[in-house]
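Proteins come first, then strands; the chains are lettered A, B, ... in the order of their sequence lines, and each starts at number 1. Computed over heavy atoms, backbone and side chain alike; hydrogens, waters and symmetry mates excluded. In this text, all values refer to a predicted model and were calculated from it rather than measured experimentally.
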Amino acid sequence: MFFKKKDRGIREAGWDRTLITGVVGMVYFAPVFWIILNAFKTRQDGLATPPKLFFTPSMDNFFNVFYRITDAGDHVATGMGLYFFNSIFAAGAGVLLALVIGTLAAYGFSRYPLRGNDTYLFVILTTRMLPPIVVIIPIFLMFRVTGLSGSYIGIILLYAMFNLAFSVWMMKSFFDELSTDVEDAARLDGINEIKVFFKICIPQLTAGLAATAVFALILTWNEFLFALLLTGNDTRTVPVAMARAMGGQLGVDYGLLSAIITLFLIPVFVVTYMLQNHLLRGVTFGTVKK
Amino acid sequence: MSNIRVQNLTKRFGDLTAVSGVDLEIKAGEVLCLLGPSGCGKTTTLRMIAGLEQVSDGDVYIADEKMNGKTPSQRDVAMVFQFYALYPTLTVAENMAFPLRAEKKSEAEINSRVQEVARALALTEVMERLPDQLGEGEKQRVAVARAVVRDPNCFLFDEPLSRLDVTLRQTMRGEIKEILNGLSKATVIVTHDQLEALTMADRIAVMRDGYIEQVATPHDIFTRPANLFVAGFIGTPSMNLLEATLTKFQDGKASIDLDSQKILIDVDKAVEGIDAGSQVTLGIRPRAFQVVDAAGEDTISATVDLIEPMGAETLLHMMDGETEMRVVVGREMKVHTGETLHLQCKPSQALIFDGNGQLVLT
Amino acid sequence: MSNIISSALRGQFRQTNEVEKQQSTTQQTGKVQMNAFYKWLLDPKRRGALLVTPAVLLLFVMNIFPLMWSFGLSFFHFKASSMKPPRFAGFYYYEKVLADPVVWDRFQTTAAIVSLSVLTQLVIGSALALLFAKKFPLRREILMMILTPMMLSFVAVGVFFKLFYEPTFGIISQAYMYFSGETMTLLATKWGAIAGIVIADAWMWSPFVMLLVLAGLVSVPDYLYEAADVDRATPWERFKTVTFPYVKGLLLLAVLFRTIETFKLFDIVYIITAGGPGTSTETIAVYVYRMAFQFFKTSQSSALSYILLFVVIVLTNLYLYFVNQRNEGAS
């Protein structure tokens with residue numbers, strides 16, 4: 001919405017404004033830029049004082065993320081590859097589950113309001129607004145009893161729950177914008193209710209579904225606390241691995257850490273660029289559309 | 001038979017009664033317009049006939065079959081929505097084919113039918129476009145095309161022309177009327193535009209606050225409005241409704257006391273039934289006056305307050321004491337504000353409404 | 001549903017259906033029962049409930065039930081690290097938590113971080129929004145640069161800033177060294193560490209405030225500005241009567257939303273300061289975490305959790321109240 005030509009209330013400013021905002025933008029982007037720069041530095045360049053802005057880029061750090069060289073000279077996988085896979089898999093499966101269930105519920109809340117509709121929606125939103133630490137204590141206890149702790153199923157279910165509130169609210173805001181006349185027209189044209197949903201509603205919401213999915217993926221991709229407490233060695237995700245790499249008190253390898261972060265950020269950049277028109281709705285859980 | 005009958009149709013939303021005891025019958029080939037101000041319950045009535053809204057009370061019959069509790073798809077009705085409700089992800093051709101596909105017609109049959117209707121509505125040029133890429137007039141025609149492409153029990157139109165500009169509205173009015181004439185189905189059109197109703201309908205049902213005020217042909221609605229509401233609602237500029245006292249009725253003429261003057265006027269002979277001295281309302285349309293040179297016992301005198309030229313005619317706002325009157329005179333007549341005119345009512349154009357606001361008529 | 005489908009398949013299809021029906025008379029009784037069940041299940045009256053059920057079920061199993069369970073635990077003596085059966089404790093832990101000066105100290109720390117951070121975000125975010133509320137070349141690209149931090153992971157941001165603040169190698173510390181000649185140990189003092197956290201959080205979230213304020217600014221219809229110009233309004237009057245009314249609702253939402261979010265701040269604190277130096281930047285969320293997972297005071301942490309839950313419910317309610325008010329105002 002901020003990019004459309006017909007924005008209201010927007011007046012022309014010239015290149016001078018580009019200059020000012022460009023400087024502000026650069027200041028804003030500098031931390032990210034600096035980390036990316038560090039990822040390409042060798043250990044010597046990285047520790048140089050004053051810091052080097054110009055240097056010969058090296059891919060060593062990226063190599064070291066996935067492999068380490070033993071004393072005998074063999075390449076051994078570090079486990080980071082697995083953690084990246086885990087992050088993708090847990091986030092993907094959890095989001096898919098949340099999206100399917102959430103979209104159905106959103107359709108229900110939007111088209112067939114229950115008695116106490118708003119209360120349900122409020123409770124659902126509250127589950128998301130709660131501090132994760134409040135949610136995690138009971139789930140931690142429950143997972144210990146059921147043995148789900150450290151398993152994929154556990155973390156996927158947890159991420160499905162984590163994204164459900166978001167999916168419901170986002171998709172409801174999209175459904176609310178659709179004209180119900182179109183659905184009524186389809187009913188009069190002799191279409192059954194299931195087809196009304198799949199053939200009429202869903203095709204109109206592909207963009208909204210994609211935005212919700214991608215947003216949820218990013219939020220889950222970034223999630224830390226649940227993963228810290230409920231994943232095991234085999235199901236660990238990248239943010240946890242990152243925090244652990246930080247925790248090693250004896251000489252943090254800045255270059256390596258920067259490389260992990262850089263790899264971790266790539267999907268975030270791609271997605272932020274794709275989502276630009278839905279950012280506002282996404283970051284407010286669909287409560288603010290415009 | 002393609003007909004619609006509703007009996008005692010009622011819709012309540014919580015404490016609010018949107019439609020109260022509506023009875024209507026629309027025969028095959030007949031076009032009925034539901035006319036009324038916004039919020040009068042006309043769209044709710046239409047949606048109950050379509051099955052998009054559950055009835056709170058009363059019955060809906062379509063093609064002589066009771067439809068209460070049936071889903072919209074089981075009723076086999078075609079509807080044109082106010083905002084067209086075209087399927088945004090389908091092209092014009094696919095939009096038109098949609099209802100036929102739902103009926104599991106063969107592709108060949110679908111194609112020929114869609115082509116036929118597209119030609120009739122001049123849509124062949126835009127068949128591959130999406131609704132977003134159409135102009136208002138085209139969208140409207142696609143919406144009509146999607147309705148007439150099937151062979152439903154009846155047609156329902158919800159404010160079909162409200163989104164079009166004035167010229168387009170006139171053309172579409174004619175086109176829709178022509179199409180409906182050829183189909184001989186029962187048709188209900190909801191509108192708040194009286195011109196639309198008067199031109200397109202075989203009969204008009206005027207609604208207010210959930211009640212039907214009058215059902216009649218356009219001619220009767222205009223010449224013999226059943227009550228003060230219909231009288232005031234139909235016709236532009238609206239009818240002059242003057243508070244008056246009936247003093248005497250004799251030989252088809254009533255003596256009436258207005259605010260400051262008396263008038264002797266031709267009225268329906270049913271006025272005989274009203275007691276002399278009772279309060280009535282005298283209704284005269286602005287175009288039913290002629291200006292005469294001298295005051296007489298059959299004239300009203302009033303002062304010109306404001307002159308509004310309307311092109312072919314001129315609208316005069318006139319004052320008689322506290323009473324305001326609207327009079328339409330020919331363009332050629334020269335008047336100035338402050339001038340006093342003597343107005344004579346053309347023969348059998350004056351209506352008398354009794355103390356309850358009902359038209360007094362034989 | 002079956003009746004809906006069958007009616008949809010009119011014409012030829014209906015006839016074949018009838019033929020099938022006659023052929024399958026033997027299976028009729030079982031089918032009738034199933035049909036009756038489907039009919040009951042798919043009744044339009046139940047449609048909303050049917051659609052919503054899976055979501056409510058998942059939330060109940062994964063969230064609400066565990067919460068209720070731990071709510072129960074907060075009334076018992078229980079330690080997650082030992083498997084001793086719980087003993088009833090009544091309101092003991094609530095009394096303990098509420099009377100504990102440490103808890104109040106953590107609340108104060110949290111309040112300090114929340115108010116400083118939200119205020120900073122508000123000021124910077126609004127300033128950014130005003131800068132971007134014009135059309136200019138490359139606007140879209142520059143906007144993307146500013147919106148990126150918001151999409152990053154708390155952990156990644158925490159790691160960034162921890163590196164930047166690092167006394168010898170950190171870029172910020174080195175810059176400080178260059179200009180003042182002294183070593184900067186920002187995280188060594190309470191207020192330094194709080195500043196470190198606030199800078200990171202505000203960097204990450206002022207774009208959020210900008211996004212909301214900008215949404216308000218661009219929603220002001222042009223004709224209002226034109227009317228104000230024609231009426232010869234001063235820039236201040238124009239802002240007060242034209243611009244601000246369109247922004248204030250969103251500004252309020254931004255503040256509430258950020259307050260709720262910052263209130264539960266955990267990851268950044270955990271990474272950057274781990275609550276230190278000492279416990280001087282331990283927010284309430286970090287405190288609960290340590291109570292539950294380092295000292296295994298399960299009942300006590302549950303009790304404190306419910307106090308947090310109550311605070312968040314109140315704030316969320318308030319937030320939704322203003323959301324609804326805004327939506328009603330718009331329609």
Side-chain angles (χ1 to χ4, degrees), chain A residues 2-3 7-13 15 17-18 21-22 25 28-29 31 34-35 47 49 51 101-102 104-105 107-108 112 114 122 126-127 129-131 133-134 137-139 141-142 157 161 164 168 190 192 218 222 224-225 239 242-243 246 254 257 261 264 268 272 279-280 283 287-288 290, chain C residues 4-5 8 47-49 51-52 54-55 58-59 62-63 66-67 69-70 80 131 134-138 140 142 145-148 151-156 159-160 163 169 171 174 208 211 214-215 218 220-222 253 260 264 266-267 271 285 288-289 292 301-302 305 308-309 312-313 316 323:
Chain A
F2 303 108
F3 308 110
D7 270 348
R8 295 184 294 173
I10 285 207
R11 295 177 159 200
E12 291 283 349
W15 281 95
R17 188 57 70 101
T18 309
T21 52
Y28 243 79
F29 201 71
W34 189 247
I35 292 291
L47 297 181
T49 41
I101 295 178
L104 286 174
Y107 185 64
Y112 304 99
L114 303 162
F122 171 68
T126 309
T127 65
M129 291 297 207
L130 288 179
I133 188 70
V134 172
I137 296 172
I139 291 179
L141 296 173
M142 188 176 81
L157 277 176
M161 180 276 284
L164 188 63
V168 169
N192 70 50
I218 280 300
N222 288 339
F224 170 63
L225 184 62
M242 232 152 45
M246 196 74 203
Y254 284 54
L257 207 50
I261 295 177
F264 185 73
V268 180
T272 309
L279 274 178
L280 177 66
V283 290
T287 50
V288 179
K290 43 180 110 71
Chain C
I4 299 172
I5 295 172
R47 206 167 285 149
L51 287 165
V52 167
L58 178 67
L59 271 188
M62 292 300 297
N63 197 311
L67 278 176
W69 187 28
S70 83
L131 268 182
K134 291 263 170 76
K135 254 184 255 171
F136 53 83
L138 296 179
R140 179 197 182 98
I142 298 169
M145 261 160 86
I146 290 192
L147 290 175
T148 310
M151 302 296 285
L152 302 182
S153 154
F154 277 113
V155 177
V159 174
F160 283 2
L163 296 186
F169 307 112
I171 177 84
Q174 287 195 35
F208 174 91
L211 207 52
L214 193 53
V218 301
V220 183
D222 252 346
L253 290 187
I260 297 174
K264 51 196 205 197
F266 174 82
D267 314 30
I271 303 274
V288 176
Y289 170 80
S301 59
S302 294
S305 289
L308 294 195
L309 189 139
V312 169
I313 285 180
T316 308
V323 165

Residue part contacting chain A, namely of [X], when any heavy atom lies under 4.5 Å:
X: C:Y289; answer: both
X: C:F266; answer: side chain
X: C:I146; answer: both
X: C:I313; answer: both
X: C:V312; answer: side chain
X: C:I260; answer: side chain
X: C:V288; answer: both

Is [Y] close to [X] at the side-chain level, that is, under 4.5 Å between some pair of heavy atoms?
X: C:F208; Y: C:L147; result: no
X: A:L257; Y: A:M242; result: yes
X: C:P66; Y: A:L141; result: no
X: A:N222; Y: C:V155; result: no
X: A:I101; Y: A:V168; result: no
X: C:F160; Y: C:L152; result: yes
X: C:L67; Y: A:V134; result: yes

In terms of heavy-atom proximity below 4.5 Å to chain C, should [X] be classed as side chain, backbone, both, or neither?
X: A:L157; value: both
X: A:I218; value: side chain
X: A:L114; value: side chain

Donor-acceptor pair, C:K264 side chain versus A:I133 backbone, under 3.5 Å? no
Sidechain-backbone polar pair: A:T18 side chain, C:L138 backbone, donor-acceptor under 3.5 Å: no
May I ask you to name which of [options] has the most heavy-atom pairs under 4.5 Å with chain C?
options: A:T126, A:I139, A:T127; answer: A:T127
options: A:G25, A:P239, A:P138, A:G108; answer: A:P138
options: A:G22, A:P31, A:A105; answer: A:P31
options: A:M142, A:R17, A:M161; answer: A:R17

Partner chain A: residue of [options] with the largest heavy-atom pair count (under 4.5 Å):
options: C:V159, C:L253, C:N63; answer: C:N63
options: C:V323, C:T316, C:L51; answer: C:L51
options: C:S301, C:S302, C:A285, C:P137; answer: C:P137

What closest approach, in Å, do C:S305 and A:I137 show between heavy atoms, and which atom pair accounts for it?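 Result for this residue pair: OG-CD1, 3.6 Å.
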Close aromatic pair by centroid cut-off 6.0 Å: A:F224 and C:F154: no
